[in-house]
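Working notes, beginning with the structure itself.
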There are 4 protein chains.
Amino acid sequence: MTSTKKFSRRSETRPDEVLDAAMAVFSEKGFAAAKVEDIARRAGVSKGTVYLYFASKDAIIEAIIERAVAPVASGALPRIAAYEGDPRQPIAMLLRTIGTLLSDPEKLAIPKLFLREGMNIPAIADIYRRDVLDRAIPVLVGLVARGVAAGHFRPVDPELTVRSIVGPIIAHVALSEVFGIRPADGLALDRLIDNHLEILFNGLAARPPEPGP
Amino acid sequence: MTSTKKFSRRSETRPDEVLDAAMAVFSEKGFAAAKVEDIARRAGVSKGTVYLYFASKDAIIEAIIERAVAPVASGALPRIAAYEGDPRQPIAMLLRTIGTLLSDPEKLAIPKLFLREGMNIPAIADIYRRDVLDRAIPVLVGLVARGVAAGHFRPVDPELTVRSIVGPIIAHVALSEVFGIRPADGLALDRLIDNHLEILFNGLAARPPEPGP
Amino acid sequence: MTSTKKFSRRSETRPDEVLDAAMAVFSEKGFAAAKVEDIARRAGVSKGTVYLYFASKDAIIEAIIERAVAPVASGALPRIAAYEGDPRQPIAMLLRTIGTLLSDPEKLAIPKLFLREGMNIPAIADIYRRDVLDRAIPVLVGLVARGVAAGHFRPVDPELTVRSIVGPIIAHVALSEVFGIRPADGLALDRLIDNHLEILFNGLAARPPEPGP
Amino acid sequence: MTSTKKFSRRSETRPDEVLDAAMAVFSEKGFAAAKVEDIARRAGVSKGTVYLYFASKDAIIEAIIERAVAPVASGALPRIAAYEGDPRQPIAMLLRTIGTLLSDPEKLAIPKLFLREGMNIPAIADIYRRDVLDRAIPVLVGLVARGVAAGHFRPVDPELTVRSIVGPIIAHVALSEVFGIRPADGLALDRLIDNHLEILFNGLAARPPEPGP
DNA sequence: CATGAATGAGGCTTCATTCAT
DNA sequence: GATGAATGAAGCCTCATTCAT
């Protein structure tokens, strides 16, 4: 009997509940096709209540992003940025962490939503870039650059190499989530990362593969 | 004496002109935000004429896709599929071909549109998968598998390795086109592919980097 | 059988028909309370058609005003402005013209609407001021000023005297239309103007009322 | 020991505070555009409290009117009604009193609101008519009628002449407040009344301006 | 008494689609 | 074939009012 009543009153958690509902609805139907009423119904409130907390439909998706993006800054990034020594370890750690994260469908839904809507709504792409990419990419670039400088890596272009580090994961998720193309045994993100890291680290290794006679 | 008007009827090319216009408009504003009127104006015809050739807005984007996707099957793919010997060459060729293609903004617009709208409209993703991915991926998988079998490559998983081959390009384009993140000197797709191929081929090379004593 | 059909097609007169309908609805219910649907129904078209011609509800009332106000410029005003000689005649003529105009309920509805909505919607007041008052008032002020200079009138303040010229008519209409207060025998605008002119012209007459013994 | 709070409850004056706030908000934005929340915030109470004292938004404006209109009956009116002798003096007094009143923006706001909303809400016009006009107009009519009967005034129509007495003031305020048209040196209501009275009294004077030969 | 979270009917506006010409 | 005026369903948002606390 939690709430058959017309007026309940739970202001503290409401905004978050609305965001949860919105996340679910946006993931299912996409931003454009999602009706504010759907979100309200899903959150168990009225349309008016949604507008009590968010000024517009646009504001809802921005709030979702802000909320999802906040933890990124304080996550593993600082530790990776400060890492000294062979960069292979933090890179492997980062990719495996991402792999674990994306294996949770609920977590996976977030970047999927970003990508999906970011392509149509520049404001969303901007937020994601500002709050995630502009933080994460320089860390990775620095890591690679130091790896090169310290002789761990071949003399690759750090900026472009970052695309080689994360690209396969993006491709894998895109194939799976957008086009429904998966390996026979499911998403297999762990196996992808293993396979990718082996190629990547061998490919980056300082020693040329053929030392010659 | 076909017509007294300045421009005679050209009903044979009309549908294509409409598709060109639609492509341009969809690329600029996205499918949802594009109005049929925009497309008509761009094509220099009336709204009614658009509906003369296409049953609905959805039908327009599907026609764009069909038209764009048709040449893929008859392109370089068959030659690559039939290739014998070290797979490095066809892989490099393929990536460089893709690189050249995507450097033309007009060509780039096509996969961008697919990705953008495929995420929201499953029917589009289906067409793209059926007509492009289901043809191209098996060819690449076969190439890698044969490379492994012939001892050119380390014993990698062919299916997953395909993600490592194309992923960096996808990442590069996504960063550039969705988030506006580009290397200092422009898109630099050629440089990316060079950098990527060096890592990739070294990473795939059969000889382990460190033979040990 | 003028039009039981769903699609009729009479583009040339449509905008005016919509304005007529809007005028009627606004007069009845006021701008705020009038629904676009009311206007559409009254005009015998669909809501969509209204938006075909007018970008918004606001645009409708502005169009009404523009249309009503257009004839003013080209009306009696230029002739009055150019008048030479005793200004009593053009003033009397002007007031009697106004009196005749306002006796037609349909014409009366226009300034009523302006006043009514101008009080709440500054944009409307602005248009009315710009297009009507800023043209008419200077003409009247000039007339009075010349009357004073030529010795026809006592040395009154022309600007303020304009209020004395038109004020009684405004008061009469306001009492009648806003508050339902009318002389026993109806609106009697003609009688009001006669009575007003007698007082006004005697009041303005150059010769002091009491020439002395 | 009425309260530990900084401000003790003052329920006796609360309704009046709400009405003051409402008056201010209505004057600024008009009745329709004023939100109950605005009124509450201005009054320093919650929306719920407003509804504690007033059943609806309509009830608020009616209460404002009742409160504003009450003092009118007991004002200068009885004295004027009882006045004997040349009516010029009480008329001048009345107009000057009105002039002083309307120079106070806060006082001016009241008739402005009446006019503004009376045009849209008949109930408001009715109240104003019943409580103000139906009392004031007969007094003025009587004054003029007696002036005519006693030979002070020319044989004008008393009812219509009342429009000539108050009209210029109405016109002046309307031009100023609705359309922003003011004499160069501000509202100048005093000067208007002087100018008006001179014309009016000369116009009403019994002796015809030109006795003729 | 007082609060302010919650409601939901109702309005304006958009735009894919239809069809008379 | 071609046009573009007309349609109307559907969605976003506002805000007066209610009521649990």
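All chains are named by letter (A, B, ...) in the order of the sequence lines, taking the proteins before the strands, and each is independently numbered beginning at 1.
For B:Phe26, the ring-ring contact (aromatic ring centres under 6.0 Å, His included) partners are B:Phe31, not counting sequence neighbours. Partners of D:Glu28 according to the salt bridge (Lys or Arg N to Asp or Glu O under 4.0 Å) rule, which considers only residues two or more places apart in sequence or in another chain, are D:Arg42. Every residue was checked against the ring-ring contact (aromatic ring centres under 6.0 Å, His included) condition with B:Tyr51, not counting sequence neighbours, and none meets it. Checked against ring-ring contact (aromatic ring centres under 6.0 Å, His included), B:Phe54 has no partners two or more places apart in sequence or in another chain. For C:Ser46, the side-chain hydrogen bond (donor to acceptor under 3.5 Å, both in side chains) partners at least two apart in sequence or on another chain are C:Thr49. Applying the salt bridge (Lys or Arg N to Asp or Glu O under 4.0 Å) test to D:Lys112 and every residue at least two apart in sequence or in another chain returns D:Glu177.
As rounded to whole Å, 18 Å separates atom C1' of E:dT14 from atom CZ of C:Phe54. Straight-line distance from the CG atom of B:Asp58 to the P atom of E:dT17: 7 Å, rounded to whole Å. The distance between atom CG of A:Leu52 and atom P of F:dC13, rounded to the nearest whole Å, is 15 Å. Note: CZ (C:Phe31) to P (E:dG11) measures 14 Å, nearest angstrom. Rounded to an integer number of Å, the gap from NZ of A:Lys57 to P of F:dG11 is 9 Å. Between C:Tyr51 atom OH and E:dG11 atom P there is a gap of 12 Å when expressed in whole angstrom units.
Contact annotation: C:Arg14 side-chain N/O to F:dA5 OP1/OP2 distance is not under 4.0 Å.
With B:Arg116 contributing its side chain and B:Ser27 its backbone, the two residues share a donor-acceptor pair below 3.5 Å.
Atom C1' of E:dC1 sits at a distance of 13 Å from the matching atom of F:dT21, rounded to the whole Å.
Each of C:Gly48 and A:Val50 lies near DNA chain E, and the nucleotide nearest A:Val50 is the one positioned closer to the 5' end. Residue whose closest nucleotide on DNA chain F sits further toward the 5' end, between C:Gly44 and A:Ala55: C:Gly44. Between B:Thr49 and A:Ala33, the one whose closest nucleotide on DNA chain F sits nearer the 5' end is B:Thr49.
Nearest to the side-chain atoms of A:Ser56 among the listed nucleotides F:dC13, E:dT7, F:dG8 stands F:dC13. Comparing E:dA6, F:dT3, E:dT3 by their nearest atom to the side chain of D:Ser46 picks out E:dT3. Of the candidate nucleotides F:dG1, E:dA16, F:dC12, F:dG1 has the atom nearest to the side chain of B:Tyr53.
Computed from C1' positions of five pairs at each end, the angle between the two local axes of the helix from E:dA2-F:dT21 to E:dT21-F:dA2 equals 10°, rounded to 10 degrees.
The stretch residues 34-43 of chain D comes close to DNA chain F through D:Ala34, D:Lys35, D:Val36, each having a heavy atom under 4.0 Å from the strand.
Put simply, the side chain of A:Lys47 and the base of E:dG10 share a donor and an acceptor less than 3.5 Å apart.
Closest approach of D:Ala22 and D:Ile60 over heavy atoms only: CB-CG2, 3.5 Å.
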Under the criterion side-chain contact (heavy atoms from CB on, under 4.5 Å), I'd like the reasoning laid out for B:Asp126 against B:Arg130: C-alpha separation, chi angles, the key distance, then a yes or no.
CA-CA 6 Å; B:Asp126 287 348; B:Arg130 173 163 44 76; 5.8 Å; no
List, one per line, each side-chain donor-acceptor pair under 3.5 Å for residues 32-39 of chain D, sequence neighbours excluded.
| from | atom 1 | to | atom 2 | distance (Å) |
| --- | --- | --- | --- | --- |
| D:Asp38 | OD1 | D:Arg41 | NH2 | 3.2 |
| D:Asp38 | OD2 | D:Lys29 | NZ | 3.1 |
| D:Asp38 | OD2 | D:Lys35 | N | 3.1 |

